[in-house]
Amino acid sequence: MIKNFLENFIGQGVADGKLEEALAAFAVLGLIWAAVIFFGYFWLKIKLWRRWDFWLVAGTLLVLILVKIFFLRYLDDYFFDRIPIYALFSPKINFLWAIPLILGLFFLWLGFYKHLLQLSQKKFLIVLVLFFIVFSISVALTRDGVYGLYETFTHSKLDYRGDARKIAGAGDFLKDYDKLAPTLSQHGQVHPPGYAMLHYLFIKIFGDNLLLTALSIIFLGSLAIIQVYFLARKFDEENARLATMLFIFAPAYVIFSATGVDVVFFLIISLLFLSIFYSKNYWGWARSGAILAIAMFSHFIAPLFGVIAAIYSYLKNRNLKKTAIEMLLLGGVPILIFLLIKITVGYDIINNFVAARGLMSMQFADLGIKTIYSSPGYYVLYQLMSLVPFLIYLGWPFILNYVKAVRGETRAIFKDRSPQKILIVLGWAFLPVLLFAGVFMAETERLWIFLIPFLVLPAAKKIASDADQSAVFMLLFLQIITIQIVFFTYW
């Protein structure tokens with residue numbers, strides 16, 4: 001009976017049909033869970049299995065696995081590929097040596113992370129960035145070894161790398177971008193040229209070396225840690241280091257930093273908010289406008305961040321006139337920059353946006369897929385397809401502690417202008433703005449990485465004791481390694 005179940009349900013629910021490989025991966029995954037639990041008990045005196053959040057994480061992962069097996073077995077189509085997360089059930093470990101490396105790094109972290117709090121700021125950030133680079137690479141190696149680091153960039157018909165190979169000259173490419181769009185990759189058709197230009201730059205520097213490109217993107221993405229730390233200092237200096245250390249274990253940040261270019265967008269957006277939050281005068285807002293222009297060159301959603309900036313400006317100033325001036329600078333500078341680009345180079349971001357919307361509609365029509373505005377039912381469906389995967393990849397430890405942090409703050413939040421209260425308002429505002437804008441239709445686990453710091457920073461305040469901190473690190477680690485091994489998080 002057990003054999004028939006494995007062959008008929010799990011075996012046919014594996015994306016590549018390799019049942020033996022899947023069972024071996026689950027066996028190794030079981031050993032990893034056991035190793036973490038025993039290490040926590042014998043070394044840190046933490047009985048992880050007695051914590052209800054442990055069973056919440058384990059139960060959620062089990063349900064996620066069973067749901068994805070069922071969908072792949074019986075309901076394999078566009079929507080069910082993306083419910084609850086955009087991934088295929090495909091357990092695999094092809095680079096077994098990555099497992100002791102990952103466990104060794106993590107156990108070293110659990111034993112010594114408290115010592116990082118005593119380091120100078122410079123050393124603290126250097127150690128954190130280096131640890132994250134090695135850790136995220138190690139996680140990415142598990143499924144397909146080194147190939148797993150750059151596998152995303154091999155999909156020329158889907159990824160911007162194929163577009164970059166077509167660029168003979170940057171000026172001509174930008175000038176004719178809206179006309180070239182129908183000939184570009186699936187993602188290149190519906191986005192600005194920023195990512196293609198980034199790959200073009202890497203080709204110029206490294207040649208068409210995908211591994212060096214992947215390592216460069218991982219390095220750039222890791223630099224966002226520095227900006228997250230200074231954001232944390234702005235809002236809660238006392239807990240800034242702990243919050244940043246917790247952030248580097250956010251499942252979405254770890255898993256997608258080494259498997260896609262969206263982490264570079266997160267780097268730009270974190271720099272944008274750093275500039276906004278540390279702006280002391282109007283020049284600071286003009287500088288932020290220039291950074292916003294760079295973000296718009298990468299993704300059409302960038303103007304949405306102006307809404308969050310306006311909320312922050314008003315909460316900080318309580319002066320509509322001053323907020324209006326700051327928003328005029330934030331929005332006016334990108335307009336001037338793109339006007340200058342149009343005059344000098346010929347690239348028109350408005351034409352690009354219009355062409356991209358048309359091409360996206362055609363892509364959906366070709367696939368027989370309804371868009372978010374097709375009906376109220378599809379609107380709600382896409383909202384859930386955006387919210388649920390983001391929360392799964394955020395992780396239960398952060399969700400639970402964020403709820404604790406903001407519970408009971410509603411009344412005081414609009415009277416108290418302290419940085420901590422403003423941060424809570426921004427976290428609350430971000431999700432509705434992103435959802436009701438109606439521009440996201442799933443795949444938010446990698447697209448919304450920029451939102452994670454706004455939720456992790458308040459949550460960190462509620463993870464006070466050494467035991468709670470270690471337990472949260474362990475639960476996040478177990479979620480990261482489980483998703484990485486069990487699912488093919490393709491893009």
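Computed from heavy atoms alone, side chains included, the values below leave out hydrogens, waters and symmetry copies.
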From CA spacing to verdict: ring pair (Phe, Tyr, Trp, His ring centres under 6.0 Å), Phe249, Trp109: CA-CA 11 Å; Phe249 280 89; Trp109 173 270; 5.3 Å; yes

Between Arg357 and Phe300, does the side-chain contact (heavy atoms from CB on, under 4.5 Å) criterion hold? Intermediate values first, please.
CA-CA 10 Å; Arg357 295 303 92 186; Phe300 289 125; 4.1 Å; yes

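- Taking 4.5 Å as the limit, every side-chain heavy atom of Phe273 sits out of range of all side-chain heavy atoms of Pro453.
- Side-chain contact check for Phe106 versus Phe473: some heavy-atom pair is nearer than 4.5 Å.
- Rounded to the nearest 0.5 Å, atoms CZ (Phe488) and CD (Glu151) are 4.0 Å apart.
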Discussion item. Set out, in order, the CA-CA distance, both residues' side-chain angles and the distance that settles ring pair (Phe, Tyr, Trp, His ring centres under 6.0 Å) for His187 and Tyr195, then state yes or no.
Written reply: CA-CA 10 Å; His187 289 104; Tyr195 292 145; 9.5 Å; no

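- Val261 has its side chain out of reach of Arg161: every pair of non-hydrogen atoms, C-beta onward, lies at least 4.5 Å apart.
- Atom CD1 in Ile485 sits 12.5 Å away from atom NZ in Lys92 (nearest 0.5 Å).
- Within the 4.5 Å cutoff, no side-chain heavy atoms of Pro192 are placed close to those of Tyr177.
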Practice problem: Could you give me the CA-CA distance, side-chain angles and deciding distance for Arg165 and Ile203, then say whether side-chain contact (heavy atoms from CB on, under 4.5 Å) is met? | Solution: CA-CA 8 Å; Arg165 294 187 180 113; Ile203 290 173; 4.2 Å; yes

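- The side-chain contact (heavy atoms from CB on, under 4.5 Å) test with Leu66 singles out one residue from Leu64, Leu62, Val63, and that residue is Leu62.
- Summarising the geometry, atom CG belonging to Leu88 is positioned 12.5 Å from atom CD1 belonging to Ile69; distances are rounded to the nearest 0.5 Å.
- In Tyr379, the OH atom is crowded: over 12 heavy atoms of neighbouring residues, nucleotides or ligands sit closer than 6.0 Å.
- Ring pair Phe430/Trp448: centre-to-centre distance not below 6.0 Å.
- Under 3.5 Å, the side chains of Arg446 and Thr489 contain no donor-acceptor pair of N or O atoms.
- The number of heavy atoms from other shown groups lying within 6.0 Å of CZ (Phe219) does not exceed 12.
- Outside the 6.0 Å centre-distance limit, the rings of Phe398 and Tyr402 are not counted as a close aromatic pair.
- The pair Arg51-Asp53 meets the salt-bridge criterion, with a side-chain N (NZ, NE, NH1 or NH2) lying under 4.0 Å from an Asp/Glu carboxylate O.
- Remark: the Ser185 side chain and the Asp159 side chain contain no N/O donor-acceptor pair separated by less than 3.5 Å.
- Counting all heavy atoms, side chain and backbone alike, Phe89 lies closest to Leu72 at O-CD2, 3.8 Å.
- If you look at Tyr393 and Phe256, their ring centroids are closer than 6.0 Å.
- The 12-atom threshold is not exceeded at CH2 of Trp97, counting heavy atoms of other residues, nucleotides or ligands nearer than 6.0 Å.
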Quick one, Ser298 with Val264, criterion side-chain contact (heavy atoms from CB on, under 4.5 Å). Give me CA distance, side-chain angles, the key distance, then yes/no.
CA-CA 9 Å; Ser298 304; Val264 177; over 6 Å; no

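- The aromatic rings of Tyr160 and His199 sit parallel to each other, their planes meeting at less than 30°, with 60° as the upper class boundary.
- Phe39 and Trp43 have parallel rings, their planes meeting at less than 30° on a 0 to 90° scale where 60° marks the start of perpendicular.
- None of Phe450, Phe454, Phe266 except one satisfies the ring pair (Phe, Tyr, Trp, His ring centres under 6.0 Å) rule with Phe305; the exception is Phe450.
- Between the CG atom in Leu158 and the CD atom in Gln189 there is a gap of 10.5 Å [rounded to 0.5 Å].
- Distance check: Ile225 CD1 to Leu130 CG gives 9.5 Å after rounding to the nearest 0.5 Å.
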Subject >> Criterion side-chain contact (heavy atoms from CB on, under 4.5 Å) on Gln469 and Lys114, from CA distance to verdict >> reply: CA-CA 10 Å; Gln469 291 165 15; Lys114 277 290 180 182; 3.0 Å; yes

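- Residues Leu475 and Trp396 fail the side-chain proximity criterion, which asks for heavy atoms closer than 4.5 Å.
- Rounded to the nearest 0.5 angstrom, Leu274 CG and Ile291 CD1 are separated by 8.0 Å.
- The heavy-atom pair separating Pro182 from Asp178 by the smallest distance is CD-O, 4.0 Å.
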